[in-house]
Each structure stands twice: as C-alpha cells, then as structure tokens.
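Lettering follows sequence order; numbering is per chain, from 1.
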Protein chains: 2
Amino acid sequence: MATGRTHRPATRSRGIPEATVARLPLYLRALTALSERSVPTVSSEELAAAAGVNSAKLRKDFSYLGSYGTRGVGYDVEYLVYQISRELGLTQDWPVVIVGIGNLGAALANYGGFASRGFRVAALIDADPAMAGKPVAGMPVQHTDELEKIIEENGVSIGVIATPAGAAQQVSERLIAAGVTSILNFAPTVLQVPEGVDVRKVDLSIELQILAFHEQRKAGDAEAAAAALLPPAARRAAEAAANRKGPDGDVPAVMPA
Amino acid sequence: MATGRTHRPATRSRGIPEATVARLPLYLRALTALSERSVPTVSSEELAAAAGVNSAKLRKDFSYLGSYGTRGVGYDVEYLVYQISRELGLTQDWPVVIVGIGNLGAALANYGGFASRGFRVAALIDADPAMAGKPVAGMPVQHTDELEKIIEENGVSIGVIATPAGAAQQVSERLIAAGVTSILNFAPTVLQVPEGVDVRKVDLSIELQILAFHEQRKAGDAEAAAAALLPPAARRAAEAAANRKGPDGDVPAVMPA
DNA sequence: ATGTGTGAAACGCTTCACAGCA
DNA sequence: TGCTGTGAAGCGTTTCACACAT
C-alpha cells in the first residue's frame with residue numbers, strides 16, 4: 001500500500017467497509033476487461049483470480065453492494081460494471097487539478113487511466129513562471145497565481161500534488177481554502193489538513209523500503225538455510241546479498257549511547 | 001493505500017507486523033528530518049505528530065523493534081534512525097532496475113528519494129530501440145535485450161515496472177527468471193508471480209477512484225443536510241457536485257436485464 | 001449440480017489504560 | 001513527575017463452511 005486515509009474514524013462509509021472500497025477499483029478493472037471481450041457472466045472464482053484476491057473475499061465485498069449475482073450462475077458483467085462505477089461515483093465527471101508539473105506531474109498529466117474513469121484534468125499548475133503557457137499533454141501549464149480561480153470556476157474538489165516536499169503543505173492549504181476536499185499527495189511529506197478533507201498518499205520511496213525489508217528477510221532466511229546445508233530456492237538472492245554487503249556490511253554507522 | 005503484498009500468509013515477518021513495517025519508513029523520514037536539525041531526543045507524542053499517526057501506535061510499533069526509548073525522556077533520534085534503517089535493510093546497497101522509460105519511468109529515474117535511502121538505480125531499460133543510448137537522469141537507457149545480463153551482473157533483486165499494462169506480465173516473468181524477487185509495479189495490471197516473489201503495486205487511477213468514492217459520499221451528505229435546512233461546512237462541495245452532474249447526471253449508462 | 005450469499009469463527013491491528021522505570 | 005512499554009479490550013477484516021437459490 002502506498003497509501004492511507006487521513007481523519008474520520010475507521011467507521012464504515014455508507015455501510016461499505018473501507019477495505020472493500022479499496023478493492024472495488026480492482027474488480028472494476030477486471031470486469032471492464034471482461035466486458036471488452038464480451039464475456040456475459042463470471043463466477044466469483046474467475047473474477048477473483050483476475051483481480052488477484054480470493055473468491056470468499058470477493059463475494060463478501062459484493063454482498064455489501066447488494067445481491068447482484070445469480071446462484072449457480074455467477075455475476076452479470078455489464079451490470080456489475082455499472083453498479084461498481086456508480087458506487088465509486090464514476091458515473092459523474094470529476095475535474096482534477098495537478099499541481100507541480102515536473103517529471104512526475106507530466107507523467108500524471110499524460111496518464112490515460114484518468115480520462116477513462118470519469119476523471120478530467122481541468123488544469124496543470126506550476127509555480128515556475130518559465131513553465132507557464134508551455135504545453136504538457138496538450139494542455140498549457142498555468143501559473144500558481146491562477147490556482148484559486150481555476151478551482152472555483154471548474155468546481156474542482158480533487159487535487160493532485162506532485163510538487164517537491166517543501167511546497168506540498170502550502171499548496172494543500174491553498175487547494176483546501178479554494179474548495180478542494182480530497183487530495184492525492186505524491187510529495188514525501190505528511191500533510192496537515194483540517195477535518196473533512198481526505199488525503200491519500202503515494203510514496204515511491206516508502207514502497208521500495210517495504211520491499212527491501214522483505215527482501216532482506218528472504219536473504220537472511222536463505223543464508224540460514226544454506227548454513228544448515230539445506231539449499232533453498234532463493235539461493236541466488238542470498239549470494240547476491242552477500243556480495244552486496246561486503247566485508248563490513250553489518251557494522252553500525254551509529255552506536256547507541 | 002495504493003498498495004498490497006502478494007502471496008505469503010498474513011503472518012508476521014520476523015515477528016514484526018506487516019502494518020508496522022509499512023510505517024517504519026514514515027518514522028524514518030520524520031526522524032531523519034529531526035536528525036538534520038540536530039534534535040537529540042523525541043517523545044512518542046512529538047514523533048507521532050510528525051509522522052501523522054497517534055502516539056500509542058508508534059510506541060507499540062517501536063516495541064516490536066525492542067526497547068529503544070528511555071522512560072520519562074523519549075527516544076534517541078540518531079539511535080532510532082540507525083535501528084530502523086537496519087531493520088528495513090537500508091544499511092546495505094540495493095541495486096534496482098527500472099523497466100519502461102516513459103514519462104513515469106523517467107520521473108522515477110530522476111526521483112531523488114531513492115539514492116538517499118540505499119537504493120541505487122543500476123539500469124534503465126526500455127523496449128523501444130530508439131530509446132537505447134539516450135541519457136535519462138544522466139544514465140543511458142539500455143535495450144530490453146540486455147535485461148537478463150544487467151540483472152545478473154549487478155545482483156539486482158528489486159525491479160520497478162513502469163511499462164504499459166500489456167507488457168508488464170511478460171517483463172515481470174523475465175525479471176523473475178533472471179533473479180529478481182521483489183517487484184514494484186506501476187502498470188495497472190495484476191501480476192501473476194510465483195511463490196516467494198513480493199509484489200507491491202502503485203496505481204494512480206485506483207487512488208483517485210477511492211477519493212472519488214469518499215468525495216461522492218461527502219456531496220451526498222452535504223445535499224441531505226442542505227435539504228434539511230442545516231447548512232454544513234462542506235456546502236460549496238455539494239453545490240459544485242450538483243453543477244457537475246447536470247440534469248441527467250444520475251441516469252445509468254447501462255441498465256440491468 | 002453449481003455457485004452465491006452470509007452467519008460465525010479466526011485473525012490481526014488499533015486503542016486503551018496503567019504499571020513501571022528514569 | 002513524565003513518558004515509555006505493554007497486557008487486555010475493542011474493532012475491522014478475512015476466512016470458513018454451509019444453507020439456499022437457480
């Protein structure tokens with residue numbers, strides 16, 4: 001997870017558990033693929049495999065939306081696509097602004113997955129005057145001065161922050177003051193926001209660090225197993241790890257007092 | 001959260017709960033900032049605020065690492081930085097490859113947060129022959145043909161996939177066959193990987209959809225409250241939402257059979 | 001016969017509240 | 001006195017297993 005909500009007690013939103021909400025987009029994507037192949041129905045087993053979850057979880061998830069399946073048959077693909085889209089609020093148009101048009105901001109602006117899901121990039125905003133007017137993803141970058149005007153005129157309630165860490169808090173405050181109530185934050189900072197504003201964060205470095213933790217554990221296991229003369233499948237990883245560490249790889253950089 | 005592990009039962013890894021592991025990078029970042037300001041110690045309360053969690057959770061998290069605090073005083077910043085770094089495996093060097101050097105891949109290549117955390121971009125790989133040799137983030141892009149050689153020569157165990165969805169599964173298979181055991185996947189697909197391989201996914205579109213769900217709920221609440229003549233704080237959002245929807249905003253695009 | 005829908009059990013995570021150490 | 005460390009309670013999520021509809 002690269003991610004997490006802020007505020008609001010972990011109580012259910014509209015009766016649907018948060019964990020289920022987080023999986024709905026996954027189901028939707030799998031269903032859309034089936035729909036494009038004109039598959040009329042799916043079983044929970046098939047759909048679960050396509051979405052990368054187990055079928056019991058999927059059935060439980062769908063049970064929160066209502067009884068949309070047919071026993072002995074499965075789920076109607078088109079109908080489910082509609083129901084989930086509706087539940088997620090994707091049947092309406094969501095204008096979003098992207099603030100910070102560096103490498104990442106540009107990547108986001110060019111990302112096709114937004115438009116196809118009801119999201120419309122209403123504006124690209126950057127603090128650098130030299131960027132103003134430059135076309136990115138076929139759209140002129142606008143200066144931060146215009147931020148409030150853009151948000152109010154377009155009824156924007158979702159903002160994406162792709163600025164450097166140092167600018168993120170201030171940007172979020174301006175977004176919120178102008179009316180934004182949901183923020184997707186790519187800057188590596190914890191945003192301080194008032195009650196009622198949702199923040200989700202995506203942090204590339206954090207994801208890698210979590211992988212490193214598990215990777216390290218694998219290497220440790222492999223080393224231990226190798227030492228016990230029980231060569232495991234992950235042998236290669238252990239060897240690579242050993243090579244990387246070097247002779248003093250484990251010496252602490254800082255010693256406790 | 002934008003994210004999730006694959007395989008391996010949700011049992012604890014090395015005694016540390018998965019939820020705790022996911023927060024360690026957050027604490028580390030906050031601690032690093034304190035360290036740079038030469039702050040010698042922090043209380044759980046202060047550090048929790050900086051990391052955006054509550055203090056009970058933080059103390060519980062740290063208790064899994066050992067008793068590194070001093071009662072009545074707090075935690076030694078430098079010592080904690082070292083212990084968490086060590087726990088996460090960041091005291092060693094992790095070479096990573098980035099596959100798919102489009103907008104997003106380039107953004108990742110340029111992202112500074114990697115190098116400072118023990119991650120080293122060993123190679124940038126792209127399938128487009130026209131990209132080969134082009135410098136991105138001061139590093140020449142290499143062709144996919146070289147993938148296996150690069151991974152083996154550099155002892156790479158972590159791969160980042162930033163290709164289009166259609167290429168991701170095949171890329172992951174080649175990465176894994178060559179020795180990669182952890183993958184950070186930015187492509188909007190569910191990767192099918194063998195036991196023992198960790199996958200974390202970051203999906204921009206999914207994060208936005210989760211925000212949209214909550215945003216929709218807020219708008220609904222605000223409308224209801226407004227109808228009940230109890231003007232709420234989020235009034236603006238409701239009005240904006242109403243504007244967006246238009247006269248037939250709620251008519252289903254697909255009707256059930 | 002097949003596959004959904006769902007109570008109930010199991011599990012993991014969070015929060016509480018306070019004992020215990022500096 | 002102040003703040004950590006931690007059992008125990010509380011919650012939300014996952015998994016099980018089977019009744020029930022088709």
I would like to know whether B/Gln216 and A/Glu87 meet side chain to side chain contact (heavy atoms under 4.5 Å, CB included); could you show each step before the answer? CA-CA 9 Å; B/Gln216 175 183 236; A/Glu87 201 64 58; 5.6 Å; no
Could you go step by step and tell me if B/Phe62 and B/Tyr75 meet the ring pair (Phe, Tyr, Trp, His ring centres under 6.0 Å) rule? CA-CA 10 Å; B/Phe62 285 178; B/Tyr75 299 92; 5.1 Å; yes
Under a 3.5 Å threshold, yes or no: a donor from one side chain and an acceptor from the other, between A/Glu36 and A/Thr32? no
Rounded interatomic separation in angstrom, taking CG from A/Leu65 and C1' from C/dT4: 14 Å
Any luck finding a side-chain donor-acceptor pair between B/Tyr27 and B/Asp61 under 3.5 Å? yes
Both A/Val73 and B/Tyr68 contact DNA chain D. Taking the nearest nucleotide for each, which residue is further toward the 5' end? B/Tyr68
Rounded to whole angstrom units, what separation is found between the CG atom of B/Leu80 and the C1' atom of D/dT4? 12 Å
To the nearest angstrom, how far is A/Asp76 atom CG from D/dT22 atom P? 15 Å
Atom-pair distance (CD on A/Glu18; P on C/dC13), nearest Å: 17 Å
Between C1' on D/dA21 and OH on A/Tyr75, what's the gap in Å once rounded to a whole number? 13 Å
Angle between the end axes of the helix from C/dA1-D/dT22 to C/dA22-D/dT1, five pairs per end, to the nearest 10 degrees? 0°
With distance as the sole criterion, is a donor-acceptor pair present between the side chains of B/Gln83 and B/Tyr79 under 3.5 Å? yes
Is it true that, when you exclude A/Glu45 itself, more than 12 heavy atoms of the residues, nucleotides or ligands shown sit nearer than 6.0 Å to its CD? no
Does one side chain, of A/Asp198 or A/Ser182, offer a donor that lies under 3.5 Å from an acceptor on the other? no
Give the residues of residues 42-63 of chain A touching DNA chain D, defined as any heavy atom closer than 4.0 Å, sorted by residue number. A/Asn54, A/Lys57, A/Arg59, A/Lys60
May I ask you to check whether A/Arg86 and A/Thr91 show a side-chain donor-acceptor distance below 3.5 Å? no
Which whole-number value in Å describes the distance from B/Arg71 CZ to C/dC18 P? 16 Å
